[in-house]
Amino acid sequence: MENARVARILGEIADITELVEGNPFKVRAYRRAAQVVDLLPGPVRELWRNRQLTDLPGIGERIAAHIGELVETGTCEEHERLMALVPPGILELLRLEGVGPKTVAALWHTLGVTSVEALERACQDGTILKLPRMGKVRAESIRKAIERYRARQGRMQLHRVLPYAESMVTQLREVPGVLRAEVAGSVRRLRETVGDVDLLVASRDPGAVMKAFRELPEVTLVTAEGPTKASARLSIGLNVDLRVLPEESFGAALHYFTGSKSHNIAIRTRAVRMGLKLSEYGVFDRKGKRIGGRLEDDVFRAVKLPFIPPELREDTGEIEAAEEGRLPRLVERGDLRGDLHVHTKASSDGRSSLEEVASMARSLGYAYVAITDHSRSRPLGLDETALREHVEKVRTLDRKLRGRPHLLTGIEVDILADGSLDLPLELLASLDCVVASVHSHFHQPREVMTERIVRAMSTGLVDILGHPSGRQIGSRDPYDFDLERVLRAARENDVAMEINAMPDRLDLNDRACRLAKQHGVALVIDSDAHHVAHMHNIRYGVWVARRGWIERGDVLNALSYEELRERLRRKAHRRRGEELEPASP
DNA sequence: GCCGTTTTCGGCCCGACTGTTTTCAGTCG
């Protein structure tokens, strides 16, 4: 969470510098640094203490010193100095659509308007019209921007937005003259939340596309429209931006509008260094002659890089990796051979039967599925006796199924407040797969929570740490713990980190996945299904993994059944402290 | 403020749309 705070403060330095008309390149430098910090996979504090901050692109001596100050003291002199220059609350004005630094500066200096409320009054009583280049139309659009600003709840989760985006693209593909239509932007990059939808169309008849766009059922209000570009408000409350281009530009445009912005800047800068010019219309040589742009790959070829998957385009090392031929081969849904965290009716909140789970696993093409119901501390969770009976049922059905699919016995055992596990260790040792999770006492101090999790893993009985951060998107923050310490313990104890694919969890998140991989910790992509329908959610977990640079070889449930059994068998032997015979050839 | 395949100084990605103007500043992505 500290990274987010540091990023916010660097962003505020940029905002204020811009407001007081400082060097625009300095503004950009702080913006870029803020983004770099925000996207770091690990704690910025660590990099500071190891004197590695200036290794990051966009962070030099000055900004590194500011970050160090923030990390060590919680504040930063440069930030405080700048904050004293502007009235409190004025930065909020910059969050309004259509209101930028010039307008805010004019509002402040000419009218003394320094808050959203004051701006709203100025719009209503007309005093805002005294500003240069300010007419009734702009005043009204600002008033509406204030309304939207108050109404919007920020970004929206990808899985809620994607169906709308795909529906619009499908309809636009039917418009006469349309050759290609794709979703771009953060939706294509599969970010966990998105702030708007970007649509891209190649067409011989842009006018027909614009007309069709206005009439889409998902569109409620067109807010801007030109011959090739339009913006609108969607019924779900997000904005959608549309661009129409000729077919020979579609690849270059798809790259450009997929972003991220910082990735684009890095690629364009690279193109400039190679004597090329890159825009959404194509790749051009020194004489302005087009040398590519029909295909997205034209862009990468022009700057002498292999194709970089959209999920990686955040300018967090993907360009360097591409250059050195070490881009990951990202895990795909089809790589998964099973699900290791599924609930049934046997405990508390599960709603599907064992047979239904097995049947769904088979239809998803899985070789195996682990039955992991809740332990006794959850309401209606399994106690020792109930678990033994349940395990017998699982084994009986497993024999009957003859590997279609294989059923693994398991449990999602609570990690109690003191770090002990919620069932006797010898019983846990008899199971195929133990998921351990924190479900209570979320507000323990950082050190207590960290030790609690580490202690649970140190039993040697835990195969998977379930939803490791405990966050629920939009409702519960992650609990405070030292992820790096937990990852080190996970590596020592051979515990896999879960990527919980429930759309409200997505836990671990993409950055933490990448950090886990760097620590040599395995990941497992689980549905945590409480109903068989939830087992389809696994794709959301795959998206997170891909954004976290995860490859098939990093994922426990990409192993075949035989490989998984071997892996769990080795661990089971270590649990009992036995020497393991070398596997027979 | 950052950075270096021509550079330790002098550059810094590129273009569309809007509302205001009579040629463009501001904002956005």
Side-chain angles (χ1 to χ4, degrees), chain A residues 10 13-14 17-19 21-36 53-67 78 82 93-107 128-129 131-142 144-145 184-186 194-200 206 210 222-232 239-245 249 252-253 255-284 288 293 299 303-304 315 323:
Chain A
L10 294 175
I13 293 177
T17 307
E18 197 169 30
L19 268 188
E21 298 194 49
N23 176 357
F25 298 107
K26 177 176 164 181
V27 172
R28 186 188 298 174
Y30 275 98
R31 290 251 156 83
R32 175 161 155 73
Q35 191 163 20
V36 167
L53 271 179
T54 50
D55 296 347
L56 295 172
I59 296 187
E61 296 296 334
R62 298 285 291 270
I63 292 184
H66 293 329
I67 293 174
E78 175 70 357
L82 287 167
L93 296 176
L94 292 168
R95 307 278 89 83
L96 300 170
E97 283 176 80
V99 178
K102 303 291 185 201
T103 309
V104 172
L107 283 166
I128 193 175
L129 298 172
L131 292 187
R133 304 184 71 89
M134 179 66 67
K136 283 190 173 163
V137 178
R138 273 205 78 199
E140 177 60 11
S141 85
I142 288 176
K144 282 188 173 155
S186 52
V194 297
D196 67 0
V197 177
D198 296 284
L199 301 179
L200 210 56
M210 304 310 279
V222 176
T223 54
E225 188 176 8
T228 63
K229 183 176 168 176
S231 298
N239 282 331
V240 55
D241 291 317
L242 170 73
R243 278 295 285 268
V244 186
L245 296 112
S249 299
H255 176 263
Y256 177 62
F257 289 107
T258 295
S260 66
K261 193 182 180 81
S262 49
H263 169 91
N264 286 349
I265 290 174
I267 293 283
R268 280 194 179 179
T269 305
R270 183 179 169 92
V272 169
R273 277 211 307 275
M274 300 170 88
L276 302 170
K277 194 187 79 163
L278 199 56
S279 78
E280 57 262 51
Y281 294 106
V283 186
F284 302 89
V299 174
V303 295
K304 298 191 165 32
D315 194 25
E323 184 151 48

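In the text below, chain A, chain B and the rest are named by the order of the sequence lines, each starting its count at 1.
Spacing between dC13(B) and dT18(B) at atom C1', rounded to whole Å, works out to 22 Å. Remark: the separation of the P atoms in dT27(B) and dT21(B) is 15 Å, to the nearest Å. Straight-line distance between the C1' atoms of dG11(B) and dC17(B): roughly 29 Å, to the nearest whole Å. Spacing between dA25(B) and dT20(B) at atom P, rounded to whole Å, works out to 16 Å. Separation of the C1' atoms belonging to dT7(B) and dC12(B) is 13 Å when rounded to the nearest angstrom. Rounded to a whole angstrom, the distance from the P atom of dG1(B) to that of dT6(B) is 27 Å.
With its glycosidic angle within 90° of 0, dT7(B) adopts the syn conformation.
Side chain of Thr17(A) to backbone of Val27(A): no donor-acceptor contact under 3.5 angstrom is found. Without hydrogens or angle criteria, Asp196(A) side chain to Asn239(A) main chain gives no donor-acceptor distance under 3.5 Å.
Residue contacts for Met134(A): at a heavy-atom cut-off of 4.0 Å it reaches the sugar-phosphate backbone alone, with no base atom in range. Across all strands, Val27(A) comes closer than 4.0 Å to no nucleic acid atom at all (heavy-atom distances). Within 4.0 Å (heavy atoms only), Pro101(A) reaches sugar-phosphate atoms of the nucleic acid but no base atom. Heavy atoms of Thr103(A) sit under 4.0 angstrom from primed sugar atoms or phosphate atoms, though from no base atom.
Salt bridge status for Glu78(A) with Arg62(A): absent, with no side-chain N to carboxylate O gap under 4.0 Å.
Here dT8(B) sits opposite no nucleotide as a Watson-Crick or G-U wobble pair (both hydrogen-bonding atom distances under 3.5 Å).
When rounded to the nearest whole Å, the span between CD of Glu18(A) and C1' of dC28(B) equals 12 Å. Note: CG (Leu131(A)) to C1' (dA25(B)) measures 14 Å, nearest angstrom. At whole-Å resolution of the value, CZ in Arg133(A) and C1' in dT20(B) are 5 Å apart. As rounded to whole Å, 14 Å separates atom C1' of dC28(B) from atom CG of Asn264(A). The NE2 atom of His255(A) sits 19 Å away from the P atom of dG29(B) (whole-angstrom rounding). Ile142(A) has its CD1 atom 13 Å from the P atom of dG26(B), to the nearest Å. Atom P of nucleotide dT20(B) and atom CD1 of Ile128(A) are separated by 11 Å, given to the nearest angstrom. Atom CZ of Arg95(A) is separated from atom C1' of dT27(B) by 14 Å (rounded to the nearest Å).
Remark: Arg28(A) CZ to Asn23(A) CG distance equals 10.0 Å, nearest 0.5 Å. Note that the NZ atom of Lys144(A) and the CG atom of Leu96(A) stand 15.0 Å from one another [nearest 0.5 Å]. If you take CD1 on Ile67(A) and CG on Leu56(A), they are separated by 7.5 Å, rounding to the nearest 0.5 Å.
Counting only N and O atoms by type, the side chains of Asp315(A) and Gln35(A) include no donor and acceptor under 3.5 Å apart.
Around CZ of Arg270(A), the count of heavy atoms belonging to other residues, nucleotides or ligands within 6.0 Å exceeds 12.
Contact of the Arg138(A) side chain with the Thr103(A) side chain is registered, since non-hydrogen atoms from C-beta on lie closer than 4.5 Å. Side-chain atoms of Leu245(A) and Leu200(A), non-hydrogen and from C-beta on, do get closer than 4.5 Å to each other.
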Give me, pair by pair, the N or O atoms of the protein and of nucleotides 14-17 of chain B that are less than 3.5 Å apart, along with how far apart they are.
| residue | atom | partner | partner atom | Å |
| --- | --- | --- | --- | --- |
| dC14(B) | O4' | Arg268(A) | NH1 | 2.5 |
| dG15(B) | OP1 | Lys277(A) | NZ | 3.0 |
| dA16(B) | OP1 | Tyr281(A) | OH | 2.9 |
| dC17(B) | OP1 | Thr228(A) | N | 3.2 |
| dC17(B) | OP1 | Thr228(A) | OG1 | 3.2 |
| dC17(B) | OP1 | Lys229(A) | N | 3.0 |

Counting primed atoms, P, OP1 and OP2 as sugar-phosphate and everything else as base, the B/S/- map of nucleotides 1-12 of chain B against protein heavy atoms under 4.0 Å is BSS-S------B
